[in-house]
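Below is one structure; the comments refer to it alone.
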Amino acid sequence: MDRRVRVRFAPSPTGPLHIGGVRTALYNYLFAHKHGGDFLIRIEDTDQTRFVPGAEEYIIESLKWLGIEASEGIGFGDGKHAPYRQSERKPMYRDFAMQLIASGHAYYAFDTAEELDAMRDRLKASNVDAKYDAITRGTMKNSLTLSEDEVKRRLDNGDTYVVRFKLPRKEEVKFEDEIRGWVSFNTNQMDDKVLYKSDGMPTYHLANVVDDYLMQISHVIRGEEWLPSAPLHVLLYRAFGWENVMPKFAHLPLLLKPEGNGKLSKRDGDRLGFPVFPLNWIDPNTQELSSGYREAGYLPEAVVNLLAFLGWNPGTQQELFTLEELVQAFSLDRVSKSGAKFDQNKAKWFNQQYVRQLSDEALAPVLFKALEQAELNNSFNEEFVRKVCSLVKEKISFTKEIWEYSKYFFITPKEYDEQVIKKKWTDKTPQLLTDLITDFEQLTIFTQETIETAYQKALAKNEIQGKDFLQLFRVILTGVAGGPPLFEIAALIGKSESITRLKQALTTISK
Ligand code: GLU
């Protein structure tokens with residue numbers, strides 16, 4: 001690769017950024033860093049009718065939360081190609097449109113909305129694909145059919161017009177996509193797209209190609225939905241005479257519904273209970289909430305990791321990757337051609353892996369917050385809380401679950417898992433508990449080991465098998481049937497609290 005790698009993420013601020021868009025940004029970031037290149041953010045806001053306030057800020061905040069930092073562009077400090085917002089670049093597109101008209105690759109079209117509708121109706125009636133193209137353009141009001149004087153008169157008069165690309169007739173446009181290999185389109189399936197409007201705004205196609213050229217983009221990595229636009233873009237590069245610096249194209253596979261049929265949508269998330277956006281978003285018009293990964297309790301590292309695996313794999317068994325490791329491992333030739341099914345259980349699994357890696361110091365404040373709400377924060381010290389974190393973090397998928405899973409370290413259980421009591425409490429249990437209480441009372445050091453020795457001794461004395469009592473013992477101490485190693489729990493809550501709980505069980509549980 002001799003050219004400097006420069007890639008861009010070019011979202012339109014039309015609403016919250018779908019995780020498919022976040023994945024596009026991530027792959028661009030990984031590719032840029034892998035090749036020691038640049039990654040820039042450009043905001044494509046030429047379609048003012050679709051502009052949504054707050055969407056741009058949302059996009060930038062999402063990328064920052066995930067650590068997908070750009071080297072230049074909106075939100076990350078301007079580089080030498082500023083401005084990076086297309087609405088602010090508006091004045092520079094006109095010359096490019098005029099250049100294409102002068103070279104015969106584009107033309108003015110003056111057709112009114114009614115005239116366009118009439119053309120479409122006419123063609124539909126005769127069962128022909130209704131589009132403005134090499135055949136129909138000859139019947140419409142444009143600079144190819146009107147006299148030069150008439151065109152000049154209309155322009156001088158300030159008539160509204162658009163500039164359309166003059167597609168070559170029946171030409172095969174081929175290019176090599178970095179993910180799909182050779183793809184080919186015939187221009188007879190395409191139409192003369194509008195490039196520029198008399199209000200001075202370029203359309204997506206013109207602005208996108210001109211900016212990629214001016215910003216010296218080497219690779220266009222974007223979603224599959226843009227593949228049908230790519231042949232037009234290739235033709236634009238040719239028409240401008242920029243073919244030698246045309247970027248390489250890489251169209252990423254779609255993110256599919258968990259069932260695999262169709263594109264992953266907000267509705268799927270609502271239906272199945274998982275977010276499809278990075279952050280919460282409230283629609284400014286409808287006040288409708290779209291839930292986000294951040295607010296749902298996902299860690300940014302987990303979201304990066306899970307998104308990386310939706311459409312790419314490293315070719316090894318390794319599944320956990322930091323952003324830096326992803327940079328090292330990433331390549332476009334390991335991106336799949338077929339759509340990637342979203343798997344919500346896998347998403348949770350990734351989060352769980354990262355929660356486990358959190359230090360006790362990092363988790364402790366989450367637990368302290370819950371203790372504060374329960375007005376228990378003054379009864380326990382930092383060291384105790386950290387130890388609880390270290391025991392419980394294996395069991396949770398989200399940090400916000402920690403209180404639910406660790407309540408019994410702080411509060412003597414008031415209820416017991418009924419099923420276990422029913423199944424495991426026997427006539428021998430009261431005596432065993434009495435012996436355990438006596439043995440525990442005699443311990444001067446109360447550690448995992450001394451507790452276990454005393455426990456084994458009491459079991460032997462009562463001729464009870466460990467496997468028959470262990471689960472009941474857990475329920476007596478914690479109220480619930482699952483959790484971290486039991487003797488560690490007992491050691492942490494301490495001798496007197498353990499004895500209190502045994503005594504409580506003895507007096508309150510009866511079969
Ligand atoms: N503005 C387009 C979008 O919203 C960018 C497509 C491209 O990357 O060329 O996705």
Side-chain angles (χ1 to χ4, degrees), residues 9-29 50 52 54-59 61-63 65-66 68 179-180 221-229 250-313 319 321 326 335-355 396-401:
F9 178 53
S12 298
T14 55
L17 183 62
H18 186 278
I19 50 165
V22 181
R23 186 197 58 176
T24 300
L26 173 64
Y27 285 14
N28 272 285
Y29 172 96
R50 300 185 60 214
V52 173
E56 179 184 305
E57 292 76 5
Y58 176 96
I59 293 167
E61 194 183 336
S62 302
L63 298 180
W65 175 60
L66 292 165
I68 306 173
I179 293 164
R180 275 142 224 280
I221 303 170
R222 63 184 171 193
E224 185 181 282
E225 63 272 29
W226 300 102
L227 187 60
S229 301
H251 289 92
L252 305 175
L254 289 178
L255 285 196
L256 303 176
K257 297 177 190 300
E259 302 86 351
N261 54 341
K263 229 168 130 176
L264 180 70
S265 71
K266 166 171 156 48
R267 243 177 290 142
D268 299 315
D270 292 345
R271 179 169 58 90
L272 299 165
F274 61 85
V276 298
F277 300 98
L279 317 176
N280 272 5
W281 164 263
I282 295 174
D283 186 292
N285 295 318
T286 63
Q287 304 303 311
E288 189 190 4
L289 171 77
S290 299
S291 65
Y293 276 84
R294 183 176 65 184
E295 291 77 3
Y298 280 82
L299 298 170
E301 297 83 356
V303 177
V304 162
N305 201 151
L306 76 92
L307 286 181
F309 271 72
L310 285 172
W312 170 86
N313 73 77
E319 290 188 284
F321 284 81
L326 284 171
V335 174
S336 71
K337 289 191 197 47
S338 49
K341 261 191 247 175
F342 185 84
D343 178 345
Q344 94 193 84
N345 292 326
K346 193 72 193 185
K348 252 192 194 169
W349 178 86
F350 272 112
N351 205 58
Q352 187 182 31
Q353 304 312 307
Y354 283 90
V355 167
I396 57 176
S397 301
F398 298 96
T399 58
K400 64 182 172 190
E401 291 172 344

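As the structure is a prediction and not an experimental result, all values here were calculated from the model.
The shortest distance between side-chain heavy atoms of Phe9 and Leu63 falls below 4.5 Å. The shortest side-chain heavy-atom distance between Leu272 and Glu259 falls under the 4.5 Å cut-off. Counting only heavy atoms from C-beta outward, the side chains of Val52 and Pro284 approach each other to under 4.5 Å. Side-chain contact between Leu66 and Leu26: absent, with no pair of heavy atoms (C-beta onward) separated by less than 4.5 Å. At a threshold of 4.5 Å between non-hydrogen side-chain atoms, the residues Pro253 and Val335 count as touching.
His251 NE2 to Ile221 CD1: the interatomic distance, rounded to the nearest 0.5 Å, is 11.0 Å. Between the CG atom in Leu289 and the CZ atom in Phe277 there is a gap of 10.0 Å [rounded to 0.5 Å]. Taking OG from Ser290 and CG from Asp270, the interatomic distance works out to 7.0 Å, rounded to the nearest 0.5 Å. To the nearest 0.5 angstrom, Leu279 atom CG is 11.0 Å from Ser291 atom OG. Rounding to the nearest 0.5 Å gives a distance of 11.5 Å between OG of Ser265 and CG of Leu255. Note that the CD atom of Gln352 and the CG atom of Leu299 stand 11.5 Å from one another [nearest 0.5 Å].
Under the 3.5 Å distance criterion, the side-chain polar atoms of Glu301 are left unmatched by any main-chain donor or acceptor of Tyr354. With Arg294 contributing its side chain and Trp65 its backbone, the two residues share no donor-acceptor pair below 3.5 Å. Tyr298 places no side-chain N or O within 3.5 Å of a backbone atom of Asn351 that could act as its donor or acceptor partner.
Under a cut-off of 6.0 angstrom, the local environment of NZ in Lys348 is sparse, with at most 12 non-hydrogen atoms contributed by other residues, nucleotides or ligands.
The shortest heavy-atom contact between Lys266 and Glu288 is CE-OE2, 3.3 Å. Shown here for Asn280 and Glu295, the closest heavy-atom pair between the two residues is N-OE1, 2.8 Å. Between Val22 and Pro278, the shortest heavy-atom contact is CG2-CG, 3.8 Å. In plain terms, the two heavy atoms of Pro275 and Ala296 that are nearest each other are CG-CB, 3.9 Å. Residues Arg23 and Leu310 share a closest heavy-atom pair of NH1-O, 2.8 Å.
Taking Lys346 as the reference, Glu319, Asp343, Trp349, Phe350 meet the side-chain contact (heavy atoms from CB on, under 4.5 Å) condition, with sequence neighbours excluded. Partners of Glu225 under the side-chain contact (heavy atoms from CB on, under 4.5 Å) rule, at least two apart in sequence or in another chain, are Leu254.
With salt bridges taken as basic N to acidic carboxylate O contacts below 4.0 Å, one links Asp268 and Arg271.
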Is there a side chain to side chain contact (heavy atoms under 4.5 Å, CB included) between Leu227 and Arg180? Walk through the geometry before answering. CA-CA 10 Å; Leu227 187 60; Arg180 275 142 224 280; 3.9 Å; yes

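A distance below 6.0 Å separates the ring centres of Phe342 and Phe274. Taking the six-membered ring where the residue is Trp, the centroids of Trp312 and Tyr27 are separated by 6.0 Å or more.
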Enumerate, atom names and distances included, each donor-acceptor pair closer than 3.5 Å involving a side-chain atom of residues 10-20, sequence neighbours excluded.
unit_1	atom_1	unit_2	atom_2	d
Ser12	OG	Glu44	O	3.0
His18	ND1	Gly20	N	2.8
His18	NE2	Leu264	O	2.9

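Ring geometry for Phe309 versus Phe321: interplanar angle of 30 to 60°, hence tilted.
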